[in-house]
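Right, one structure below, let's go through it.
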2 protein chains.
Amino acid sequence: MRSGRVTIADVARAAGVSKGAVSFALNERPGVAVDTRERILKVAADLGWTPSQPARALSTSRAHALGLVMARPPEILAEDSFFPAFIAGIEAELVGSGYALVLQVVAPDREHDGYRRLARGGRVDGVLLTDVRVEDSRIPLLESLSLAAVTLNRTHADSPFPAISVDDRPAVTAAVRHLIELGHRDIAHVSGPEEYVHVVARRTAWEQALAAAGLARGPLVQGSFSARGGASATRRLLDRPEPPTAIVYASDIMAIAGLAAARERGLEVPRDLSVIGFDDTPLAAHVHPALTTARTDVLGWGRAATRALMALASGRAQPDVECPPAELILRDSTGPSNPQQQQGSQQ
Amino acid sequence: MRSGRVTIADVARAAGVSKGAVSFALNERPGVAVDTRERILKVAADLGWTPSQPARALSTSRAHALGLVMARPPEILAEDSFFPAFIAGIEAELVGSGYALVLQVVAPDREHDGYRRLARGGRVDGVLLTDVRVEDSRIPLLESLSLAAVTLNRTHADSPFPAISVDDRPAVTAAVRHLIELGHRDIAHVSGPEEYVHVVARRTAWEQALAAAGLARGPLVQGSFSARGGASATRRLLDRPEPPTAIVYASDIMAIAGLAAARERGLEVPRDLSVIGFDDTPLAAHVHPALTTARTDVLGWGRAATRALMALASGRAQPDVECPPAELILRDSTGPSNPQQQQGSQQ
DNA sequence: CATCGCCGCTAAACCGGTTTATTAAGGAGA
DNA sequence: TCTCCTTAATAAACCGGTTTAGCGGCGATG
């Protein structure tokens with residue numbers, strides 16, 4: 001009575017039953033008469049009782065929580081709209097499930113520690129693996145920690161974990177085709193670190209779309225997914241003796257920074273240069289010119305991944321899931337190729 | 001031996017002591033001889049034992065976790081660089097403390113549920129309150145849930161919780177003064193929902209700086225902290241019979257969208273219009289023209305708030321903390337007032 | 001009418017830690 | 001040498017749930 005929390009024993013006493021009966025009633029297990037169950041639930045509601053998660057976790061040896069490790073450098077974390085949307089998707093699925101999300105932000109070189117901290121002490125039942133690598137050292141790590149996991153996109157290495165994937169390639173293919181239809185023949189790509197599977201997928205799609213059209217592979221610059229990286233990659237492309245007439249970026253942030261870099265050079269988009277981003281950041285529609293880009297349902301991706309991981313953590317084996325592919329959104333940053341105008345226009 | 005997890009009993013047996021001794025040794029409590037303690041710790045390390053958090057939480061009735069509820073609409077969540085930086089700050093302080101961060105993303109009208117879910121079931125020992133309101137209904141809620149909390153900035157209502165504050169006003173004051181020095185006399189403000197204390201603080205600082213210079217209060221438009229809101233607020237300002245020559249925005253995202261909106265109108269920044277943002281998003285330096293804005297050490301803010309909350313959750317009363325104020329960063333989006341050029345330049 | 005089986009419920013063990021009460025051993029003081 | 005006090009360590013209770021074993025009571029069955 002004087003103690004703070006209401007416990008299962010209080011409920012049992014008030015309902016005139018045993019602790020076990022309350023537990024059974026709460027978890028909808030057979031062995032409790034319907035009217036008894038209802039009486040118990042009513043008493044529980046009246047007393048405002050909710051089972052203690054730690055106690056429940058201790059006896060079931062399941063934390064009823066999922067983990068997410070974010071290992072990006074702070075600058076990129078702050079710029080990217082992926083995580084906020086993704087986390088919103090996770091939570092949309094978690095609401096009402098009794099599961100919680102435990103976060104871990106770590107320096108990129110301390111990534112493994114993040115997973116170890118979550119696993120040890122049994123804080124979570126499983127983790128969501130984002131930013132999946134071609135060869136991902138987290139896979140063996142998680143196996144050794146015997147943590148459940150799902151990967152966002154398939155790693156190229158062997159993985160026992162279900163992959164929840166979004167195919168970026170159709171949008172990139174469509175982007176390149178769109179540019180070719182506009183008359184572009186020199187189409188560059190600003191990618192990211194090649195260790196990431198999504199970077200490779202986008203770069204490959206760009207290459208293959210060019211090859212399919214019988215065009216030479218345009219210049220490729222590796223950006224860093226940051227605004228700074230996008231700006232410097234763009235400057236490097238524009239400094240070439242024969243600068244490209246169009247650039248396909250692996251992210252909106254790099255593309256938006258590219259827009260500014262082009263303008264500094266006196267180029268006007270899309271007259272002198274066509275630009276295509278990737279992500280469809282909310283800002284993309286509100287820069288000048290509005291950015292042609294690729295859209296992915298990140299929130300839906302988060303939901304699908306979470307659903308699979310919860311099922312997996314409950315012991316049900318899960319198949320791979322294929323989410324709807326990214327699609328191209330046409331806006332105003334792409335236009336007809338206009339090479340003579342552009343060449344040597346600066347200085 | 002065959003069971004998965006190593007428990008304290010395994011360590012005790014291996015070290016030839018009792019469970020209690022292991023617990024004492026781990027928690028550095030007196031009553032264990034130095035060499036015994038070292039032997040125990042060595043055995044624990046050899047066995048790879050880490051105490052189970054749920055078990056520990058059950059006996060100490062402390063979750064060793066903090067909670068953060070994000071109640072912004074998805075669009076704004078995705079655009080804003082605040083949360084990623086803030087969360088990075090929280091984690092920077094949490095690393096090595098044994099605490100974890102539990103996240104809860106909810107629809108703005110379901111905010112209270114988020115806190116209830118965290119409190120019930122004892123998932124967290126305390127919560128960080130962001131986006132503090134002038135009259136904040138979460139304060140009485142948290143008192144009734146008897147959850148510890150710190151607020152980011154002081155609510156105007158009574159609050160028993162320590163406030164960890166950053167003063168936005170000096171930067172806004174400096175921004176307005178800077179514009180006045182450049183010859184501007186008609187300085188508008190795009191703010192946000194007036195329920196937020198930081199919105200009121202920025203708007204008030206803008207008003208007071210104008211009044212201090214003997215200038216009339218310029219036009220005020222309430223934005224929504226989204227790119228879309230920034231664009232439409234800007235258009236509304238530029239549609240006035242006598243459009244302002246300078247706009248101070250309450251956020252970078254709105255300012256960047258404003259840049260594009262001005263350009264659509266045929267205005268050139270800063271020649272025809274000066275623009276100042278707030279936040280110093282990483283992108284701010286990489287748009288064209290580079291955005292003059294206000295910078296806050298959000299990461300440091302997160303650290304300070306987390307430090308205070310952990311201490312509070314451990315039972316130590318905490319004083320209010322004042323973090324370094326926001327400061328103005330001069331870039332290229334502000335220039336001398338040029339009103340004749342601008343008026344009627346569109347159409 | 002005796003037996004079986006099932007239903008509804010209880011008592012008690014258990015999860016893996018922390019903490020309190022208690023005991024054994026060793027050293028100082030008289 | 002005996003007593004007293006301190007220190008080191010243990011055994012057992014406890015945190016708040018879940019889960020297993022078991023036990024009355026009742027209807028169905030033979």
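Just so we're on the same page: letters track the sequence lines, and every chain starts at 1. Just the heavy atoms: all of them, side chains too, but no hydrogens, waters or symmetry mates, feed the values below.
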*Could you check how far CD1 of I8(A) sits from P of dC14(D), rounded to whole Å?*
18 Å
_Over the length of the helix from dC1(C)-dG30(D) to dA30(C)-dT1(D), how much do the five-pair end axes diverge, rounded to 10 degrees?_
60°
*Straight-line distance of T50(A) OG1 to R123(B) CZ, nearest 0.5 Å*: 11.5 Å
*Determine the contact category for G122(B): base if any of its heavy atoms lies under 4.0 Å from a base atom, sugar-phosphate if only primed atoms, P, OP1 or OP2 are that close, otherwise nothing.*
nothing
*asked:* Under 4.0 Å, heavy atoms only, any strand: does G121(A) hit a base, just the sugar-phosphate, or nothing?
replied: nothing
*At under 4.0 Å between heavy atoms, what does V22(B) touch on the DNA or RNA strands: base, sugar-phosphate, or nothing?*
nothing
*asked:* For T155(B), is there any backbone N or O sitting under 3.5 Å from a side-chain donor or acceptor partner on S159(B)?
replied: no
*When you measure from the side chain of D136(A) to the backbone N and O of A157(A), does any donor-acceptor pair fall under 3.5 Å?*
no
Quiz: residues 26-39 of chain A side-chain donor-acceptor pairs under 3.5 angstrom, not counting sequence neighbours:
residue : atom : partner : partner atom : Å
N27(A)  : OD1  : R56(A)  : NH2          : 3.1
N27(A)  : ND2  : S23(A)  : O            : 2.9
R39(A)  : NH1  : A15(A)  : O            : 2.4

*Does T296(B) use its side chain to pair, donor to acceptor, with the backbone of V298(B) at less than 3.5 Å?*
no
*Provide, to the nearest angstrom, the distance between the CZ atom belonging to R5(A) and the C1' atom belonging to dC15(D).*
11 Å
*If you look at every heavy atom in L312(B) and A149(B), which pair is closest and at what distance?*
CD2-O, 3.2 Å
*asked:* Looking at E143(B), is its backbone amide N or carbonyl O close enough to the side chain of S146(B) to form a donor-acceptor pair, meaning the two atoms are under 3.5 Å apart?
replied: no
*Contacting residues from residues 47-64 of chain B, given that a heavy atom lies under 4.0 angstrom of DNA chain D*: L58(B), S59(B)
Nucleotides 23-27 of chain C: which of its N/O atoms have a protein N/O under 3.5 Å away?
none

*Could you work out which one of dG17(D), dG17(C), dT10(C) sits closest to the side chain of K19(B)?*
dG17(C)
*Take the protein atom CZ of F24(A) and the nucleotide atom C1' of dT19(D), then report the distance between them rounded to whole Å.*
6 Å
_Determine whether a donor-acceptor pair (N or O, by modelled atom type, separation under 3.5 Å) exists between the side chain of T151(A) and the backbone of R154(A)._
no
*Main-chain N/O of D131(A) paired to R133(A) side chain as donor or acceptor, under 3.5 Å*: yes
_Heavy-atom check, side chain of L94(A) versus side chain of M310(A), under 4.5 Å_ = yes
*Check the surroundings of atom CG in D109(A): do more than 12 heavy atoms from other residues, nucleotides or ligands lie under 6.0 Å from it?*
yes
*For DNA chain D, determine which residues of residues 26-41 of chain B have any heavy atom closer than 4.0 angstrom to one of its atoms, and list them numerically.*
G31(B), V32(B), A33(B), T36(B)
Output side-chain donor-acceptor pairs under 3.5 Å for residues 77-89 of chain A, partner residues at least two apart or in another chain, one line each.
residue : atom : partner : partner atom : Å
E79(A)  : OE1  : A227(A) : N            : 3.3
E79(A)  : OE2  : A227(A) : N            : 3.1
D80(A)  : OD1  : F82(A)  : N            : 2.6
D80(A)  : OD2  : R72(A)  : NH1          : 2.9

*Give a yes or no answer on whether the side chain of D125(A) reaches the backbone of H64(A) with a donor-acceptor pair at less than 3.5 Å.*
yes
